[in-house]
2 protein chains.
Amino acid sequence: MNSLQIVEAPVDASCCVPSVKPALSADEAQQRALVFKALADPNRLRLLSIVKAGDSGESCVCDLTEPLDLGQPTVSHHLKILVEAGLLHREKRGTWAYYSLVPGALEQTAGLLESL
Amino acid sequence: MNSLQIVEAPVDASCCVPSVKPALSADEAQQRALVFKALADPNRLRLLSIVKAGDSGESCVCDLTEPLDLGQPTVSHHLKILVEAGLLHREKRGTWAYYSLVPGALEQTAGLLESL
DNA sequence: CACATAGATTGACATCCATCGATATAGGTG
DNA sequence: CACCTATATCGATGGATGTCAATCTATGTG
């Protein structure tokens with residue numbers, strides 16, 4: 001570290017150079033693809049939708065199994081993927097596990113698209 | 001296939017009922033998942049990014065093969081998936097095929113997320 | 001027409017993934 | 001502790017998917 005030469009405001013970089021954004025690196029692409037992989041399944045989209053639509057803001061697994069017409073282990077599997085993608089939050093209370101949307105996660109993911 | 005019943009005027013739903021949006025149907029989910037499937041691969045994300053970053057707004061396959069370090073057939077395959085997802089546009093001029101972003105497609109896809 | 005080049009298509013192969021049944025874990029209740 | 005219920009994990013399996021080499025198609029060019 002070192003040399004704190006000319007601190008010169010970083011200002012301009014963010015405001016005056018609207019153009020040339022370098023294309024996505026392999027690592028960045030890999031990272032972002034993980035989130036979209038989580039969204040790339042109809043049943044997982046429905047899970048997000050149902051959790052979001054619920055008025056309490058959270059749903060337990062037993063409430064999600066029936067509308068999807070899937071077995072309980074399969075639903076748990078999908079929920080795990082959504083949690084690992086940072087889209088859902090899991091909270092265990094007693095015997096039940098409650099899933100809720102991570103605040104801002106969907107909006108942030110949407111931002112990934114526009115900033116490609 | 002088919003039977004898209006429930007035509008019923010979309011009128012009021014969009015203006016007077018801000019709350020209760022019914023969760024995604026299986027059909028809607030299936031449809032939307034197709035776009036996210038197209039985005040769920042790092043190399044396809046990079047393709048979109050490179051095409052977008054190009055100053056001419058379009059790129060031909062030969063320009064895309066090298067930066068991805070993939071064979072030409074594989075790149076063609078990925079491009080086809082992006083076109084079918086409605087994200088890229090393909091125009092053939094002479095021997096070359098030029099790919100460009102479909103205007104507004106990324107923004108519209110981002111909208112799918114917020115409106116889940 | 002003969003040949004070269006850009007790109008698409010095909011077939012094969014390995015890997016990944018969604019789903020299920022069976023089982024494990026953990027909290028609640030008697 | 002014995003038992004029930006809610007959820008997670010495991011193992012197997014069939015189907016989807018990414019990649020490549022080989023081939024086909026179409027557009028130029030001599």
Side-chain angles (χ1 to χ4, degrees), chain A residues 24 26-27 29-51 54 56 58-85 87-100, chain B residues 24 26-27 29-51 54 56 58-85 87-100:
Chain A
L24 233 51
D27 283 347
Q30 178 97 35
Q31 192 65 28
R32 298 190 187 193
L34 286 181
V35 189
F36 293 116
K37 267 192 226 291
L39 294 167
D41 180 275
N43 286 317
R44 286 197 289 269
L45 287 180
R46 296 189 75 193
L47 282 174
L48 289 174
S49 174
I50 294 173
V51 169
S56 71
E58 53 183 18
S59 313
C60 65
V61 181
C62 55
D63 292 335
L64 299 168
T65 302
E66 184 221 320
L68 289 207
D69 197 34
L70 285 180
Q72 172 266 317
T74 304
V75 172
S76 273
H77 171 242
H78 285 313
L79 289 169
K80 183 177 187 177
I81 289 177
L82 289 170
V83 168
E84 285 171 346
L87 296 170
L88 282 188
H89 171 249
R90 175 182 184 272
E91 183 184 350
K92 186 152 190 188
R93 289 202 302 271
T95 314
W96 291 271
Y98 293 91
Y99 289 86
S100 55
Chain B
L24 233 51
D27 283 348
Q30 179 95 35
Q31 193 65 29
R32 299 190 186 193
L34 286 181
V35 188
F36 293 116
K37 267 192 226 289
L39 294 166
D41 180 276
N43 287 318
R44 286 198 289 269
L45 286 180
R46 297 189 75 194
L47 283 173
L48 289 174
S49 174
I50 294 173
V51 169
S56 70
E58 54 183 16
S59 313
C60 65
V61 180
C62 55
D63 291 335
L64 299 169
T65 302
E66 183 221 320
L68 288 208
D69 196 36
L70 285 179
Q72 173 265 316
T74 303
V75 173
S76 273
H77 172 241
H78 284 312
L79 289 169
K80 184 176 187 177
I81 290 177
L82 290 170
V83 169
E84 286 171 346
L87 296 169
L88 282 187
H89 171 249
R90 176 182 183 269
E91 181 183 353
K92 186 154 191 185
R93 289 203 301 274
T95 314
W96 293 271
Y98 293 91
Y99 288 86
S100 55

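As the structure is a computational prediction, the values presented were derived from the model and not from experiment. Protein chains get the first letters and strands the later ones, always in sequence-line order, with residue 1 at the start of each.
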Task: Selection: residues 39-46 of chain B, any non-hydrogen atom under 4.0 Å of DNA chain D - done: B:D41, B:N43, B:R44
Task: Minimum heavy-atom distance between B:L39 and A:F36, given as atom pair plus value - done: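 Between these two residues, the closest heavy atoms are O-CB, 3.6 Å.
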Open item on the list: Which heavy atom of A:A29 sits nearest to which heavy atom of B:L45, and what is that distance?
Closed with: O-CD1, 3.6 Å
Open item on the list: Short of 4.0 Å, heavy atom to strand atom, which residues of residues 69-78 of chain B count as contacting DNA chain C?
Closed with: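 Nucleic-acid contacts, sorted: B:Q72, B:P73, B:S76.
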Enumerate, atom names and distances included, each donor-acceptor pair closer than 3.5 Å involving a side-chain atom of residues 61-68 of chain B, sequence neighbours excluded.
from: B:T65; atom 1: OG1; to: B:V61; atom 2: O; distance (Å): 3.1

Task: Atom CD of B:Q31: over 12 foreign heavy atoms under 6.0 Å - done: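 Result for CD/B:Q31: open.
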Nearest-Å distance for atom pair [atom1]/[atom2], residues [X] and [N]:
X     : N      : atom1 : atom2 : value
A:L79 : C:dC17 : CG    : P     : 17 Å
A:F36 : D:dG18 : CZ    : P     : 15 Å
B:L64 : D:dT19 : CG    : P     : 14 Å
A:E66 : D:dT7  : CD    : C1'   : 18 Å
A:R90 : D:dT9  : CZ    : C1'   : 12 Å
B:L68 : D:dG18 : CG    : P     : 14 Å
A:E91 : D:dA6  : CD    : P     : 19 Å
B:L82 : D:dT17 : CG    : P     : 14 Å

Are there any protein N/O atoms within less than 3.5 Å of an N/O atom in nucleotides 11-15 of chain D, and if so, which ones and at what distance?
none

Task: B:K37 side chain vs A:A40 backbone, donor-acceptor pair below 3.5 Å - done: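 Checking the backbone N and O of A:A40 against the side chain of B:K37, a donor-acceptor pair under 3.5 Å is found.
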Open item on the list: At less than 4.0 Å, is any side-chain N or O atom of B:K37 found next to OP1 or OP2 of D:dA16? Yes or no.
Closed with: no
TODO: Output yes when at least one side-chain N/O atom of A:Y99 is less than 4.0 Å from OP1 or OP2 of D:dA8, else no.
DONE: yes
Task: Residue list, side chain to side chain donor-acceptor pair (under 3.5 Å) with B:Q72, at least two apart or on another chain - done: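 Listed in chain order: B:S76.
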Inter-residue atom distance [X].[atom1] - [Y].[atom2], 0.5 Å rounding:
X     : Y     : atom1 : atom2 : answer
B:L79 : B:T74 : CG    : OG1   : 11.0 Å
A:I81 : A:L34 : CD1   : CG    : 11.0 Å
B:H77 : B:D41 : NE2   : CG    : 9.5 Å
B:L47 : B:H78 : CG    : NE2   : 7.0 Å
B:H89 : B:Y99 : NE2   : OH    : 10.5 Å
B:R46 : A:Q30 : CZ    : CD    : 10.5 Å

What's touching nucleotides 26-30 of chain C from the protein side, N or O pairs under 3.5 Å?
none

Open item on the list: The test is side chain to side chain contact (heavy atoms under 4.5 Å, CB included); show your working for B:L87 and B:R44 and say whether it passes.
Closed with: CA-CA 11 Å; B:L87 296 169; B:R44 286 198 289 269; over 6 Å; no
